[in-house]
Amino acid sequence: MTEFILEVMMVRVRYAPSPTGHIHVGNARTAIFNYLFARHEGGTFIMRLDDTDLERSTEENIDSMLEDIRWLGLEWDEGFLKGGDLGPYRQSERKPLYDKYLQQLLNEGKAYRCFCTKDELEAEHRKAEAEHRIYRYSGACAHLSQEQIDNNLREGKPYAIRLRIPEQDVLVHDLIRGDVQFKSEEFDDFVIARQNGIPIYNFATVIDDALMKITHIIRAEEHLSNTPRQVFIYRALGFDVPQFAHVSLILAPDHSKLSKRHGAVSVGDYRFEGYLPEALVNYLVLLGWSPKDDREFFTMDELIREFTLDGIGKSGAVFDKKKLTWMNHMYMSRKSADDILTILKTDFANQYSEAFAGLPDEKVREAIDLIKGNAQVLPDIFRLARNIVQPDVIITDEKSQAVLASPEAKVVLQYLVEHFDAIPFGRGDEAMSAWVEDLRNQIPLPAKKLYHPIRVALFGTKDGPEIVKLFMALERNNIRDRLNKALTQ
RNA sequence: GCCCUCGUAGUCUAAUGGUUAGGACACGGCCCUUUCAAGGCUGCGAUAGGAGUCCGAUUCUCCUCGAGGGCACCA
């Protein structure tokens, strides 16, 4: 008995994307929510492919979609490529299942064949429009006699299959929105299978979710209005209706649905703009979910521990790239130089070889360590590391250039050149720190006036790594050259 | 047009039928006698509007407005 209850309560959720390429951040967030919920509840996260759109569901698209999911760190337990007892896990292979239940509904009279032609239906549409009525299927084929049906079939007339909608209201219990009421008269006998025999989405999804024993359907709000239709299908088939949780959409800054015309919208886009997966996940989760306190940074493990459905908000959320970038910056600072190096070599191979050609890893790693705290996205590393890794210094911004022209800069640089031998190279960073601090006593200038020229001379910009670190990272002779060069500019 | 959902600052959000409605990003200022996109402090800035219930409502109810979604032989 106990075992039975445990089995019934075991959470099973699914992510069922239509593999049309890289994953939209909205879908990614839905996947994350499903994943976190499954992990938090000790349930199963299932991956199913809604690939009935065969033209777009190419192997290439499937690959890039799965790549995105893995990159985000959302490993699934059951489903496509992974197997399980309730497969197959791609809709294109489940046709016999759909046929079986279609036939069952037909036999029970809960669905019927509709022989109406496209023209006839269009005429109905136009008529309704002309009379300012809401269009609803006339039901022309709802009560054909067996003889008529047989005749039509014998003549080879193509038919779609429609579900007979009972006069019965639907109450959708939504875990995020509460009870949502729908009146049966809002619906007509809608098509569940096309003339070509392929079921429409609402039907296939219900069959799949029911057969795969999905307990909680966490999906985007755009599906809420279709949920009653799906409930009609569950009921006609005698399946248990799962729990629903409809998550609001992610909006663009202009409050429209976030789409390609707003720039980067897919997980792949952000990956190759140089965002870290942990930053994207962290940001996305906070878009619509809150831990109910002030915390903002979470590791995946912490999210799994903290995540619950009642932390999900109801309103749509605008995607704020600036905050994402800020968050990525924070993650970059904390990421090890070694990890960053690995990512740069794989995801940014071309830029990597261009920027760091021929350099030993150790040298690149040191440079990364020095400047990662000033990077916002991964490719910033190449720009920031340039003056560390190359023998010379190139000053590209005018403000930094102007610093060198100031009289104070002359004083500072002159002093360093004259007292170069006093710089404690090779004696550890404590000695170096002490020496740098003592500079303030030797040269009585405000901090900025003192340190900006040094940083420009050594690093090429007035802002950047700490002075001590620069003295530690660069070679002694190189530092002397840079100081001299800056002085003569 | 019909149906559904949502509505706290520019943005993401927290909170309670009863303190000056809290935090974060962004923006502005100051500090850090080591800079900065870091850290610290600080400023600007919100309960869409209107009724009602209540001693009291951002919170509950209704209306309006606004935003988004759905109404396909798309997914």
Side-chain angles (χ1 to χ4, degrees), chain A residues 16-18 20 50-53 56-57 91 114 116 118 121 125 128-129 132-136 158-162 172 174 176-178 180-183 185-188 190-202 204-205 220-229 246 248-249 251 253 255-257 283 286-297 313-327 329-330 332-333 373-376 380 403 433 436-437 439-441 444-452 454-456 459 461-469:
Chain A
S18 183
T20 54
D50 281 9
D51 63 344
T52 47
D53 182 351
R56 292 201 292 171
S57 300
Q91 287 189 333
C114 174
C116 293
K118 209 162 207 142
L121 293 175
H125 262 286
E129 213 163 287
H132 296 288
R133 282 185 296 110
I134 308 151
Y135 171 75
R136 211 160 272 149
Y159 61 88
I161 298 175
R162 287 180 186 271
V172 174
D174 190 283
I176 295 172
R177 275 146 228 289
V180 185
Q181 181 83 240
F182 295 90
K183 300 245 176 292
E185 55 263 34
E186 288 165 27
F187 306 97
D188 62 359
F190 60 91
V191 170
I192 53 177
R194 305 176 179 91
Q195 283 187 352
N196 64 11
I198 295 176
I200 65 146
Y201 169 79
N202 279 327
T205 292
E221 193 192 357
E222 53 190 330
H223 294 284
L224 180 56
S225 294
N226 277 321
T227 303
R229 275 172 243 276
H246 288 95
S248 300
L249 301 180
L251 274 21
H255 284 85
S256 64
K257 212 171 157 182
Y283 176 73
L286 255 24
L287 218 50
W289 176 82
S290 152
K292 307 279 188 192
D293 57 38
D294 290 344
R295 286 172 301 164
E296 289 206 292
F297 286 88
K314 297 176 175 181
S315 49
V318 173
F319 191 91
D320 181 6
K321 193 170 181 179
K322 276 191 176 166
K323 184 153 184 179
L324 200 215
T325 302
W326 165 78
M327 195 160 251
H329 164 66
M330 301 302 272
M332 291 274 295
S333 310
N374 291 91
Q376 308 212 93
D380 287 346
V403 166
S433 290
V436 169
E437 268 167 47
L439 271 184
R440 308 234 38 226
N441 303 322
L445 284 174
K448 286 189 188 189
K449 296 283 188 192
L450 174 59
Y451 296 118
H452 277 174
I454 303 178
R455 192 174 286 105
V456 174
F459 184 66
T461 57
K462 63 185 175 64
D463 303 316
E466 289 171 26
I467 297 296
V468 174
K469 287 186 178 170

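Residue numbering restarts at 1 for every chain, and letters A, B, ... go by the order of the sequence lines. Since the model is a prediction, treat every value here as computed from it, not as a measurement.
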Which value, rounded to the nearest 0.5 Å, describes the distance between [X] atom [atom1] and [Y] atom [atom2]?
X        : Y        : atom1 : atom2 : result
A:Asp463 : A:Tyr451 : CG    : OH    : 15.0 Å
A:Cys114 : A:Ile161 : SG    : CD1   : 10.5 Å
A:Ile192 : A:Arg229 : CD1   : CZ    : 13.0 Å
A:Asp50  : A:Thr20  : CG    : OG1   : 11.0 Å

Just name whichever nucleotide pairs with [N], Watson-Crick or G-U, keeping both distances under 3.5 Å, else none.
N      : answer
B:rC2  : B:rG70
B:rA24 : B:rU11
B:rG17 : none
B:rC62 : B:rG50

- N/O donor-acceptor pair under 3.5 Å between A:Arg455 side chain and A:Glu466 backbone: no
- Query: Does A:Tyr283 use its side chain to pair, donor to acceptor, with the backbone of A:Asp320 at less than 3.5 Å?
  - Reply: yes
Looking at every strand, decide which applies to [X] at a 4.0 Å heavy-atom threshold: base, sugar-phosphate, or nothing.
X        : result
A:Gly313 : nothing
A:Lys257 : sugar-phosphate
A:Ile467 : base
A:His223 : base
A:Glu222 : sugar-phosphate

- Query: Hey, does the side chain of A:Arg295 come within less than 4.0 Å of B:rC12's phosphate (OP1/OP2), counting only N and O?
  - Reply: no
- Query: Is the distance from OP1 or OP2 of B:rC36 to the nearest side-chain N or O of A:Lys448 less than 4.0 Å?
  - Reply: yes
Grab the two heavy atoms, one from [X] and one from [Y], that are nearest each other, plus how far apart they are.
X        : Y        : result
A:Asp174 : A:Arg177 : OD1-N, 2.8 Å
A:Ala375 : A:His329 : O-ND1, 2.8 Å
A:His246 : A:Ile176 : O-CD1, 3.5 Å

Once you round it to whole Å, what is the distance between [atom2] of [N] and [atom1] of [X]?
X        : N      : atom1 : atom2 : value
A:Asn196 : B:rC74 : CG    : C1'   : 13 Å
A:Lys321 : B:rC12 : NZ    : P     : 17 Å
A:Leu121 : B:rC73 : CG    : P     : 7 Å
A:Leu445 : B:rU35 : CG    : C1'   : 14 Å
A:Glu296 : B:rG23 : CD    : P     : 12 Å
A:Leu286 : B:rC12 : CG    : P     : 12 Å
A:Lys462 : B:rU35 : NZ    : P     : 12 Å
A:Tyr201 : B:rC74 : OH    : C1'   : 11 Å

- Task: Select one nucleotide: of B:rG69, B:rC25, B:rU35, the one nearest the side-chain heavy atoms of A:Leu249.
- Result: B:rG69
- Just compare B:rA14, B:rA75, B:rG69 and give me whichever is closest to any side-chain atom of A:Lys292. B:rA14
Separation between the [atom1] atoms of [N] and [M], rounded to whole Å:
N      : M      : atom1 : value
B:rU64 : B:rG56 : C1'   : 25 Å
B:rC41 : B:rC32 : C1'   : 10 Å
B:rC71 : B:rA51 : C1'   : 33 Å
B:rG22 : B:rA14 : P     : 15 Å
B:rA72 : B:rG17 : P     : 42 Å
B:rG69 : B:rC55 : C1'   : 42 Å
B:rC44 : B:rC3  : P     : 45 Å

Could you list the protein-to-nucleotides 37-40 of chain B atom pairs, N/O on both sides, closer than 3.5 Å?
| from | atom 1 | to | atom 2 | distance (Å) |
| --- | --- | --- | --- | --- |
| B:rA37 | O2' | A:His329 | NE2 | 2.8 |
| B:rA37 | N7 | A:Asn374 | O | 3.4 |
| B:rA37 | N7 | A:Asn374 | ND2 | 3.1 |
| B:rA37 | N6 | A:Asn374 | O | 3.4 |

- Message: Can you work out whether A:Asn226 or A:His125 has the more 5'-proximal nearest nucleotide on RNA chain B?
- Response: A:His125
- Given that A:Asp188 and A:Ser290 both sit by RNA chain B, which one's nearest nucleotide is further toward the 5' end? A:Ser290
- Note on the structure: Each nucleotide of nucleotides 59-66 of chain B classed B (base within 4.0 Å of a protein heavy atom), S (only sugar-phosphate) or -, in 5' to 3' order, makes --------
- Item | Sub-4.5 Å side-chain heavy-atom contact between A:His223 and A:Tyr201 | yes
- By salt bridge (Lys or Arg N to Asp or Glu O under 4.0 Å), A:Arg136 pairs with (sequence neighbours left out) none
Atom pairs under 3.5 Å, N or O on each side, protein against nucleotides 2-11 of chain B: can you list them with distances?
| from | atom 1 | to | atom 2 | distance (Å) |
| --- | --- | --- | --- | --- |
| B:rC3 | O2' | A:Glu186 | OE1 | 2.9 |
| B:rU5 | O2' | A:Arg177 | NH1 | 2.4 |
| B:rU5 | O2' | A:Glu221 | OE2 | 2.9 |

Check nucleotides 19-22 of chain B for protein N or O atoms closer than 3.5 Å to its own N or O atoms and list the pairs.
none

- Task: Using side-chain contact (heavy atoms from CB on, under 4.5 Å) as the criterion, list what pairs up with A:Lys448, not counting sequence neighbours.
- Result: A:His452
